[in-house]
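Single-structure report; data block below.
Chain naming here is simple, since letters A, B, ... match the order of the sequence lines and numbering starts at 1 in each.
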Amino acid sequence: MPELPEVEIAKRSLSNHILNKKILDVTIINPKLRYFLKKKDFTKIINKTVNAVERVSKYILLKFADQSVVLIHLGMTGRLYFKSKNSNNKDTSFYSKQSILKKHDHVLFKFKNFNLIYNDIRKFGFIKYYNFLDSKNISHLNGLGPEPLSKNFSKDYFLKKLKNKKAPIKNTLMDQRFVAGLGNIYVNEALFISKISPKKLSFKLNSKEITNLIHSIKKIIKKSIKMGGSTIKNYHNSEGRQGSYQAEFKIYGRQGQKCIRRACKGVIRRNMSSNRSFFFCPICQRI
DNA sequence: CGGGACTCCTGAGGGC
DNA sequence: TGCCCTCAGGAGTCCC
């Protein structure tokens with residue numbers, strides 16, 4: 001689920017459920033994630049009330065009154081889901097039965113009337129605890145570029161940053177220090193909509209292309225959030241619902257198909273760069 | 001330093 | 001059915 005829109009959806013759902021609620025207990029089911037989960041960290045949030053739920057780039061922050069923070073990153077396959085204690089048979093004994101365990105569950109946060117569970121198939125995600133002092137300076141959040149929907153993500157910003165940038169524009173847009181929150185799907189979509197080749201070198205974008213690209217990115221991200229994000233391979237959000245933006249994909253995953261632009265006779269191609277695939281129409285995204 | 005490749009991990013899907 | 005291969009929405013690290 002993990003680009004900006006999907007994380008934003010996860011954050012809103014979390015906020016609806018756990019804001020101003022007290023964490024009664026935490027159980028580490030499987031500590032092996034990107035960073036090993038330490039029990040002593042998680043005991044520190046027991047009996048604390050969630051003061052704020054925020055999203056920064058693809059990170060979710062749970063904040064507490066004493067200014068400690070839990071930082072969550074979903075990686076590729078991380079997801080947070082709720083389990084109501086009353087809905088599911090008579091078992092109200094807090095995760096006592098093995099049968100409740102789902103494969104790849106890692107952490108369970110116990111609240112009064114429900115449990116919140118972090119599940120992650122590939123273990124690329126992480127959950128980290130920061131105390132008051134460390135929370136002021138979370139390394140993961142240092143050096144992030146502007147959010148795509150912010151005013152700072154502007155033409156002036158592009159002109160300044162791209163001037164001497166030799167990397168292909170696709171790589172630049174994936175770089176979280178340039179813009180925070182985009183990933184492979186939305187970068188591919190934005191480049192297609194603005195008719196820019198992913199391989200075009202960043203400094204070679206002209207003024208009109210930059211304007212189009214910024215506009216496309218903002219539009220796509222807004223629309224995707226509105227539609228609940230994208231759901232691929234049946235991942236779903238914490239309320240069990242699926243996003244529907246994947247139906248809007250115009251280029252991602254469409255290799256071999258005809259370009260959707262009526263006047264264009266192009267056939268969509270897929271290439272690899274830095275171990276990531278990218279998709280483009282060789283006709284309307286000519287270099 | 002910038003840029004690219006490799007790495008962590010599990011599962012799905014295709015070819016044979 | 002099973003085996004082997006490739007690929008998956010991220011990002012930290014290493015190497016040139």
Side-chain angles (χ1 to χ4, degrees), chain A residues 1-10 30-37 55-60 71-80 102-106 118-128 138-145 148 161-192 198-204 217 220-221 224-225 227-237 242-256 269-279:
Chain A
M1 356 196 321
E3 297 184 44
L4 190 155
E6 292 75 33
V7 179
E8 175 64 23
I9 297 300
N30 176 358
K32 207 170 170 294
L33 278 178
R34 177 164 196 130
Y35 305 110
F36 199 88
L37 302 173
R55 180 193 59 74
V56 175
S57 183
K58 299 173 196 170
Y59 299 90
I60 293 171
L71 184 72
I72 303 171
H73 193 286
L74 303 173
M76 290 277 220
T77 52
R79 79 195 175 87
L80 290 154
K102 267 200 209 158
K103 211 173 176 185
H104 307 301
D105 282 350
H106 286 267
Y118 179 81
N119 181 286
D120 194 339
I121 297 172
R122 292 176 69 186
K123 304 180 172 66
F124 289 169
F126 63 80
I127 304 178
K128 275 188 180 178
I138 299 176
S139 67
H140 298 279
L141 306 182
N142 287 341
L144 287 174
K161 294 289 261 189
L162 298 188
K163 201 159 63 176
N164 296 311
K165 194 108 179 125
K166 295 189 191 83
I169 186 63
K170 195 260 178 181
N171 300 37
T172 301
L173 294 174
M174 296 275 293
D175 184 344
Q176 304 300 301
R177 291 166 305 177
F178 177 73
V179 52
L182 300 183
N184 210 25
I185 288 183
Y186 295 106
V187 165
N188 275 283
E189 293 296 314
L191 288 169
F192 174 74
K199 292 181 279 191
K200 185 156 192 162
L201 302 186
S202 304
F203 73 92
K204 291 199 169 174
I217 291 170
I220 288 168
I221 295 297
S224 182
I225 292 172
M227 296 178 73
S230 305
T231 302
I232 290 188
K233 298 188 181 176
N234 294 321
Y235 295 141
H236 39 76
N237 69 28
Q242 305 199 342
S244 56
Y245 190 78
Q246 66 279 4
E248 302 288 313
F249 291 172
K250 312 236 179 311
I251 194 87
Y252 184 84
R254 300 183 92 102
Q255 67 274 27
R269 300 205 0 216
R270 173 177 167 274
N271 270 3
M272 292 285 267
S273 154
S274 311
N275 275 351
R276 309 304 299 274
S277 53
F278 62 96
F279 305 86

Can you measure [X] atom [atom1] to [N] atom [atom2] for me and round it to whole angstrom units?
X	N	atom1	atom2	value
A/R276	C/dT6	CZ	P	18 Å
A/Y186	C/dA8	OH	P	17 Å
A/L4	C/dA11	CG	C1'	16 Å
A/L33	C/dG10	CG	C1'	14 Å
A/I121	B/dG11	CD1	P	7 Å
A/F178	C/dG10	CZ	C1'	19 Å
A/R34	C/dT13	CZ	P	7 Å
A/L144	C/dG10	CG	P	14 Å

Audit row: A/Y245, A/Y186, ring pair (Phe, Tyr, Trp, His ring centres under 6.0 Å) steps and yes/no: CA-CA 10 Å; A/Y245 190 78; A/Y186 295 106; 5.7 Å; yes

Given [N], is OP1 or OP2 found less than 4.0 Å from the side-chain N or O atoms of [X]?
X	N	result
A/H104	B/dC9	no
A/K32	B/dC8	no
A/H73	C/dG10	no
A/K166	B/dG2	no
A/R122	C/dC7	no
A/K123	B/dC8	no
A/K165	B/dG2	no

Which part of the nucleic acid, if any, lies within reach of [X] when heavy atoms closer than 4.0 Å are counted: base, sugar-phosphate only, or nothing?
X	answer
A/R270	sugar-phosphate
A/N171	sugar-phosphate
A/F249	nothing
A/N184	sugar-phosphate
A/Y35	sugar-phosphate

Atom NZ of A/K200: over 12 foreign heavy atoms under 6.0 Å: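 Check passes, neighbour count above 12.
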
Exceeds 12 heavy-atom contacts within 6.0 angstrom, atom NZ of A/K250: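 Count over threshold, so yes.
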
Option among A/E3, A/E189, A/K170 that satisfies the side-chain hydrogen bond (donor to acceptor under 3.5 Å, both in side chains) test with A/N184: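 When A/E3, A/E189, A/K170 are each tested with A/N184, the side-chain hydrogen bond (donor to acceptor under 3.5 Å, both in side chains) holds only for A/K170.
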
Taking the minimum atom-to-atom distance to the side chain of [X], which one of [options] wins?
X	options	result
A/S274	B/dG4, C/dG12, B/dT7	B/dG4
A/S277	B/dG3, C/dA8, C/dG10	C/dA8
A/M272	B/dC9, C/dA11, C/dC7	C/dC7
A/P2	B/dC6, C/dG10, C/dA11	C/dG10
A/A167	C/dA11, B/dG3, C/dG10	B/dG3

Residue whose closest nucleotide on DNA chain B lies nearer the 5' end, A/N275 versus A/R177: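 Looking at DNA chain B, the more 5' nearest nucleotide goes with A/R177.
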
Donor-acceptor contact present, side-chain A/K58 to main-chain A/L182, <3.5 Å: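 Yes; judged by distance alone, with no hydrogens or angles, the pair exists.
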
Derivation of the side chain to side chain donor-acceptor pair (under 3.5 Å) call for A/N119 and A/K103: CA-CA 8 Å; A/N119 181 286; A/K103 211 173 176 185; over 6 Å; no

Aromatic-base stack, A/F124 on B/dC9, cutoff 5.5 Å, angle under 30: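 Check failed, A/F124 does not stack on base of B/dC9.
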
Opposite nucleotide pairing with B/dG15, Watson-Crick or G-U, both atom distances under 3.5 Å: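 Base partner found: C/dC3.
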
Parallel, tilted or perpendicular: ring planes of A/H73 versus A/Y59, cut at 30 and 60 degrees: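 If you compare the ring of A/H73 with that of A/Y59, the planes turn out perpendicular.
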
Pairwise P distance, C/dC3 and B/dC9 [rounded to whole Å]: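 Straight-line distance between the two P atoms is 22 Å.
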
Nearest-angstrom distance, P atom, B/dA5 to C/dC7: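 Roughly 14 Å separates the two P atoms.
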
